[in-house]
Asks: 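Sharing a structure here in structure tokens format.
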Amino acid sequence: MKIMVCIKQVPAKDSTLRLTEDSTWIREQDLSYEINEPDAYALEEALRLKEKHGGEVVVCSVGPDRVQQVIREALAKGADRAIHLVADGGSRLDSYPAARLMAEAVRREGFDLICTGLQSDDLGFAQTGVVLAELLGLPHATIIMEVQAEDGRLKVKRELEGGWFQWVQMPLPALLTIQSGINKLRYATLKGIKQAKSKEIRRVIATELGLKAEELAGRQKLHRVYVPVKTKQTEFIDGSPKEAAAKLVEKLQRDARVL
Amino acid sequence: MSDAILAVMEQQEGKLNRMSWEALAAAQRIGDELSKPVEALVLGEGVRAIADEVAASKLACVRLLEDPLLKEYTPDAYCLALREIIAAEKPYLVLLPHTYQVRDFAPKLASGIERSFLSDCIGYRVEDGSLVFTRQLFQGKMNADISFTGDPPYFVSVQAGSFRADQVATGGQPAAVESFSSKIESGKVRTQPLEKFQEAKRTVDLTQAEIIVAAGRGIKEQENLALIQKLADALGAEVGGSRPICDNGWLPMERQIGSSGQTVAPKLYLALGISGAIQHLVGMKGARTIVAVNKDQNAPIFEVADYGIVGNLFDVVPALIEEINKAKGQ
């Protein structure tokens, strides 16, 4: 199986975010970065499929030069090669430009399967994978918790809401968006880290793909980024546990009318 | 040419998803402010009764799209059917609930007709006659105001709990139900849905619960969950938990609330020993009334709580059970 995994570099989870002076984005120079968590699971799933069925795992990431950090990590974990689509900012608003870049870069590669995380921890649109499938004309399924590949077909376990799941079948090639927790992540070995250094990272810029700026333009305009205003005024209830409990029950009955 | 605000109502097996009403409430508000007609769309097979139920709302009409290929959800059939009706009716704005199903098909639907989809919005405002939507970034640490550029139709999904289902306006008389026959070719549907199932025997849908009692790391040991269950029983509530509780296996994963679990919007949410990591808050802050009990008065859970008790939950919860039983006994 020839598998592509889309990975995104996002600010580390514990980052303290500060706004730029004009409140149009966050101060990126302050941040440390890591691989988007669901994408790490997508990579792990791809590596497991390769171990089972043979083939190749190619990682693809869109972003400035700093994204080579997560590309190197993926190569160290066992990906065979990488494609880095160089894009400085600009694409941070809409999933479409990122998907379009990837679609044009890999259209002729002929992947059997493309895996992405189900959403990014930074923008959280949860769209890039599905848009990429549409642009490449592939069937897709989202929020996947198990992948079985057999005879050119996929059988996948889709997570539904409320504790339900559903098996879905589809022909290959196809695209899946992977849910966190589908598998157990591996660590890179020392050998893997060493081998990664000699693996290929193909660096591609948008103009090489014959894409014009207007073809990559998002169809959204970002006005402002800001810290959410606390809308709720918390009423603290004092007293002994018994007193506080009695007061709370009264408030829930009288003011909130929920009991 | 229609200029409507179109709310897409999600149904599964003949039952409307509660979040559909929230999308409809948003559509009615936006329609009012922009003076545009509001329509609802029901799609499936044999779902006339749902269209009739929706028609009691204040609407220009309900569009009913039925096809045997819409009986079981597939992204291909849904997109083919929706693209037909969108091409025919040319709505201004298509509003969807941000459900797992919508996440599965809406990005495909919009990008396939070269339109943009603004997913998981939590609010909007009208500025100089055009819409500006608010959505969260960085798992709720930041908000962003975003508008569309280019031509309609615009596609927006709304986060659970951002609009109130009980604020859907009803009409003086039922809205007309207009049937639309689609022409989906079965050969174009590539995915084949198989059986639906649940992992565990006993299951629960927390998104439908009116009251939820949720436990976090503060309960310390699995045995202490019995106390939480006792409080839930007194309230007639469901028990939920934060991620660490479910990762430990103390509660089944289906009871996990937060970005990697369920997003809930009950009438009452009691957070017991939950510090309130953002991953948890995004899953529950849409609750109407939030009560937090925590030892640490600086815990972020108090950022979203209506009522807070700073104290040890092992002292507060038994007292609370007693007071609730007393109040209910009246």
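In what follows, every chain begins at residue 1, and chains take the letters A, B, ... in the order their sequences are listed.
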Asks: Counting only heavy atoms closer than 4.5 Å, note whether A:Gln119 contacts chain B via side chain, backbone, both or neither.
Replies: side chain
Asks: Take a 6.0 Å sphere around NZ of B:Lys196 and say whether it holds more than 12 heavy atoms from other residues, nucleotides or ligands.
Replies: yes
Asks: Could you look at B:Ile211 and say if it's the side chain, the backbone, both or neither that has a heavy atom under 4.5 Å from chain A?
Replies: side chain
Asks: Please classify the contact of A:Ile143 with chain B as side chain, backbone, both or neither, using a heavy-atom distance under 4.5 Å.
Replies: side chain
Asks: Do any N or O atoms from the side chain of A:Thr234 and from the backbone of B:Phe302 form a donor-acceptor pair under 3.5 angstrom?
Replies: yes
Asks: Nearest 0.5 angstrom please: A:Leu17 CG to B:Met142 CE, how far?
Replies: 5.0 Å
Asks: Taking side chain to side chain donor-acceptor pair (under 3.5 Å) as the criterion, tell me which of A:Gln127, A:Gln220, A:Arg219 meets it with B:Ser116.
Replies: A:Gln220
Asks: Select one option (side chain, backbone, both, neither) describing which atoms of B:Val291 are under 4.5 Å from chain A's heavy atoms.
Replies: side chain
Asks: Is it the side chain or the backbone of B:Ile321 that comes within 4.5 Å of chain A heavy atoms, both, or neither?
Replies: neither
Asks: Under 4.5 Å, counting heavy-atom pairs only, tell me which of B:Arg103, B:Lys108, B:Arg190 racks up the most with chain A.
Replies: B:Arg190
Asks: Carefully, step by step, assess A:Lys247 and B:Tyr307 under the rule side-chain contact (heavy atoms from CB on, under 4.5 Å).
Replies: CA-CA 10 Å; A:Lys247 276 189 242 173; B:Tyr307 300 106; over 6 Å; no
Asks: So for A:Lys251, is it side chain, backbone, both, or neither that comes closer than 4.5 Å to the heavy atoms of chain B?
Replies: both
Asks: Let me know if B:Asn312 has heavy atoms under 4.5 Å from chain A in its side chain, its backbone, both or neither.
Replies: neither
Asks: Could you tell me which portion of A:Leu154 (side chain, backbone, both or neither) has an atom closer than 4.5 angstrom to a non-hydrogen atom of chain B?
Replies: neither
Asks: Please flag which part of B:Gln136 lies under 4.5 Å from any non-hydrogen atom of chain A: side chain, backbone, both or neither.
Replies: backbone
Asks: If you count heavy-atom pairs under 4.5 Å with chain B, which of A:Lys155, A:Arg224, A:Met170 comes out on top?
Replies: A:Arg224
Asks: Given heavy-atom pairs under 4.5 angstrom as the criterion, report whether the side chain, backbone, both or neither of B:Arg135 touches chain A.
Replies: side chain
Asks: Side chain from CB out, backbone as N, CA, C, O: work out which of these in B:Val317 comes under 4.5 Å of a heavy atom of chain A, or both, or neither.
Replies: neither
Asks: Let's go through B:Leu137 and A:Asp122 carefully: what are the C-alpha distance in whole Å and the side-chain angles of both, what is the deciding distance for side-chain contact (heavy atoms from CB on, under 4.5 Å) to 0.1 Å, and is it a yes or a no?
Replies: CA-CA 6 Å; B:Leu137 300 177; A:Asp122 54 355; over 6 Å; no
Asks: How about B:Phe117 and A:Phe125: do any of their side-chain heavy atoms sit closer than 4.5 Å?
Replies: no
Asks: Count the heavy-atom pairs under 4.5 Å between each of B:Leu118, B:Leu235, B:Val316, B:Thr134 and chain A, then report the option with the highest count.
Replies: B:Leu118
Asks: With a 4.5 angstrom heavy-atom cut-off, is it the side chain or the backbone of A:Arg158 that approaches chain B, or both, or neither?
Replies: side chain
Asks: More than 12 foreign heavy atoms under 6.0 Å from CZ of A:Arg107: is that the case here?
Replies: yes
Asks: By a 4.5 Å heavy-atom criterion (distance strictly below it), what part of A:Leu259 contacts chain B: side chain, backbone, both, or neither?
Replies: side chain
Asks: Which distance, rounded to the nearest 0.5 Å, do you find between the NE2 of A:His223 and the CZ of B:Arg125?
Replies: 7.5 Å
Asks: So, for A:Pro241 and B:Ala319, which heavy atoms are closest and what is the spacing to 0.1 Å?
Replies: O-CB, 3.6 Å
Asks: Just give me the residue among B:Glu322, B:Arg115, B:Gln297, B:Gln208 that pairs up with chain A most often, heavy atom to heavy atom, under 4.5 Å.
Replies: B:Arg115
Asks: So which residue, A:Leu252, A:Asp238, A:Asp255, ends up with the most heavy-atom pairs under 4.5 Å with chain B?
Replies: A:Leu252
Asks: After noting the C-alpha distance and the side-chain angles of A:His140 and B:Asp104, does the key distance pass the side-chain contact (heavy atoms from CB on, under 4.5 Å) rule?
Replies: CA-CA 8 Å; A:His140 77 269; B:Asp104 196 63; 3.8 Å; yes
Asks: Less than 4.0 angstrom from a charged side-chain N to a carboxylate O is my criterion; do B:Arg83 and A:Glu134 meet it?
Replies: yes
Asks: Is there a side-chain contact between B:Glu72 and A:Gln166 (heavy atoms, below 4.5 Å)?
Replies: yes
Asks: Please check if atom CD in B:Glu195 has more than 12 non-hydrogen atoms from other residues, nucleotides or ligands closer than 6.0 Å.
Replies: yes
Asks: Which one of B:Ser111, B:Ser147, B:Gly150 has the most heavy-atom pairs closer than 4.5 Å to chain A?
Replies: B:Ser147
Asks: Would the number of heavy atoms belonging to other residues, nucleotides or ligands and lying under 6.0 Å from CD of A:Glu21 be above 12?
Replies: no
Asks: Output the distance between atom CD (B:Glu323) and atom CD (A:Gln253), rounded to the nearest 0.5 Å.
Replies: 10.0 Å
Asks: What residue in A:Ala174, A:Ala246, A:Ser120 has the most heavy-atom pairs under 4.5 Å with chain B?
Replies: A:Ala246
Asks: What is the minimum heavy-atom distance between B:Ala327 and A:Val249, and which atoms define it?
Replies: CB-CG1, 3.8 Å
Asks: Taking all heavy atoms of B:Pro107 and all of A:Ala126, pick out the closest pair and write down the distance.
Replies: CG-O, 4.1 Å
Asks: If you count every heavy atom of other residues, nucleotides or ligands that lies below 6.0 Å from A:Glu235 atom CD, does the total exceed 12?
Replies: yes
Asks: Counting only non-hydrogen atoms closer than 4.5 Å, does B:Thr74 touch chain A with its backbone (N, CA, C, O), its side chain (CB onward), both, or neither?
Replies: neither
Asks: Between the side chain of B:Asn143 and the main-chain N/O of A:Pro228, is any donor-acceptor distance below 3.5 Å?
Replies: no
Asks: Between B:Phe133 and chain A, which part of the residue has a heavy atom less than 4.5 Å away: side chain, backbone, both or neither?
Replies: neither
Asks: Determine the option with the most heavy-atom pairs under 4.5 angstrom with chain B, choosing from A:Thr177, A:Leu138, A:Leu135, A:Leu118.
Replies: A:Leu138
Asks: Give the intermediate values and the outcome of side-chain contact (heavy atoms from CB on, under 4.5 Å) for residues B:Asp205 and A:Trp164.
Replies: CA-CA 9 Å; B:Asp205 187 358; A:Trp164 285 83; over 6 Å; no
Asks: Measure distances from B:Phe314 to the heavy atoms of chain A and classify the residue's part below 4.5 Å as side chain, backbone, both or neither.
Replies: neither
